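As the structure is a computational prediction, the values presented were derived from the model and not from experiment.
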Amino acid sequence: MDERTIKKMIKTAMEQIRFSYAPYSDFKVGASLLSENGDIFTGCNIENAAYSPTNCAERTAFFKAVSKGVRDFQAICIVGGKSGNVTEYITPCGVCRQVMMEFCNPETFQIILAVDEEHYRILTLKELLPLGFGAEDIS
């Protein structure tokens with residue numbers, strides 16, 4: 001993935017923080033998901049007073065893409081922090097990692113963790129979920 005695309009994904013994820021609905025934790029997260037064809041799908045976290053119906057930014061982006069028929073992905077960028085202040089890298093939760101495992105190749109799917117356009121890390125899904133459970137495990 002080229003530097004221009006990485007910066008675009010970081011900027012897009014940062015913009016999504018403003019849509020976050022996080023009245024309970026005040027921890028606001030934005031995500032941008034890059035499909036194989038180059039389209040970017042966005043997401044923000046959406047909390048709920050009952051907690052379990054809460055949806056992470058990453059899953060919001062995936063569900064938006066899948067609901068439009070897109071199922072092949074290259075990368076996701078995740079940013080967030082308390083009150084929307086991005087000061088450190090945040091990683092996807094276990095449920096989000098499992099959703100990524102459903103739709104992405106763990107060897108090649110890239111996860112961009114960013115603080116800003118100049119400070120970021122890129123990891124593969126396999127690095128974050130080394131012994132992931134996927135569709136091939138069911139067959």
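In this structure, Cys96 SG and Ile78 CD1 are separated by 7.5 Å, a value rounded to the nearest 0.5 Å. A distance of 10.5 Å separates OG1 of Thr124 from CZ of Phe109, quoted to the nearest 0.5 Å. Note that CG of Asn45 and SG of Cys56 are 7.0 Å apart. Values are rounded to the nearest 0.5 Å. The distance from the CG atom of Leu125 to the CZ atom of Phe103 is 13.0 Å, given to the nearest 0.5 Å. Remark: Lys11 NZ to Ser32 OG distance equals 12.0 Å, nearest 0.5 Å.
Looking at residues two or more places apart in sequence or on another chain, you find a side-chain contact (heavy atoms from CB on, under 4.5 Å) between Ala61 and Leu33. Taking the side chain to side chain donor-acceptor pair (under 3.5 Å) definition, one finds that Thr5 meets it with Asp2, sequence neighbours left out. Under the rule for a side chain to side chain donor-acceptor pair (under 3.5 Å), Asn105 has no partner lying at least two apart in sequence or in another chain. By the side chain to side chain donor-acceptor pair (under 3.5 Å) test, Thr12 is found to be paired with no residue, residues two or more places apart in sequence or in another chain being considered. Remark: Thr60 pairs with Asn55 by the side chain to side chain donor-acceptor pair (under 3.5 Å) rule, at least two apart or across chains. Listed by chain and number, the residues in a salt bridge (Lys or Arg N to Asp or Glu O under 4.0 Å) with Glu3 are Lys7 (sequence neighbours excluded).
Between Val79 and Ala114, the shortest heavy-atom contact is CG1-O, 3.5 Å. Heavy-atom minimum distance, Ser35 versus Val70: CB-CG1, 3.7 Å. The shortest heavy-atom contact between Ala75 and Met1 is CB-CE, 3.4 Å. Summarising the geometry of Ile17 relative to Gly84, their closest heavy-atom pair is CG2-CA, 3.7 Å, with the distance given to 0.1 Å.
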Using residues 85-93 as the side-chain source, report each donor-acceptor pair under 3.5 Å to any protein atom, sequence neighbours left out, with the distance given to one decimal.
from  : atom 1 : to     : atom 2 : distance (Å)
Tyr89 : OH     : Tyr120 : N      : 3.4
Thr91 : OG1    : Arg97  : NH2    : 3.3

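Listed by first and then second residue, the salt bridge (Lys or Arg N to Asp or Glu O under 4.0 Å) pairs involving residues 99-117 are Glu107-Lys126 (not counting sequence neighbours). Applying the ring pair (Phe, Tyr, Trp, His ring centres under 6.0 Å) definition to pairs two or more places apart or across chains, those involving residues 30-84 are Phe62-Phe73. For residues 31-59, the set of pairs meeting the salt bridge (Lys or Arg N to Asp or Glu O under 4.0 Å) definition, not counting sequence neighbours, is empty. Sorted pairs that involve residues 65-80 and meet salt bridge (Lys or Arg N to Asp or Glu O under 4.0 Å), not counting sequence neighbours, are lacking altogether.
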Quiz prompt | Evaluation steps, side-chain contact (heavy atoms from CB on, under 4.5 Å), between Arg121 and Ile112 | solution = CA-CA 6 Å; Arg121 292 183 60 193; Ile112 304 165; over 6 Å; no
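Taking hydrophobic clusters as Ile, Leu, Val, Met, Phe, Trp and Tyr residues chained together by side-chain heavy-atom distances below 4.5 Å, Tyr24 does not share a cluster with Phe19.
Other cluster members for Phe133: Ile138, joined by side-chain heavy-atom distances under 4.5 Å among Ile, Leu, Val, Met, Phe, Trp and Tyr.
Using a 4.5 Å cut-off on side-chain heavy atoms (C-beta onward), Gln74 and Gln110 make no contact. In this structure the side chain of Lys28 never reaches within 4.5 angstrom of the side chain of Cys44, judged on heavy atoms. In this structure the side chain of Met100 reaches within 4.5 angstrom of the side chain of Ile111, judged on heavy atoms. For the pair Ile6 and Ile122, the minimum side-chain heavy-atom distance is below 4.5 Å.
Side-chain atoms of Lys64 and Thr42 include a donor-acceptor pair closer than 3.5 Å.
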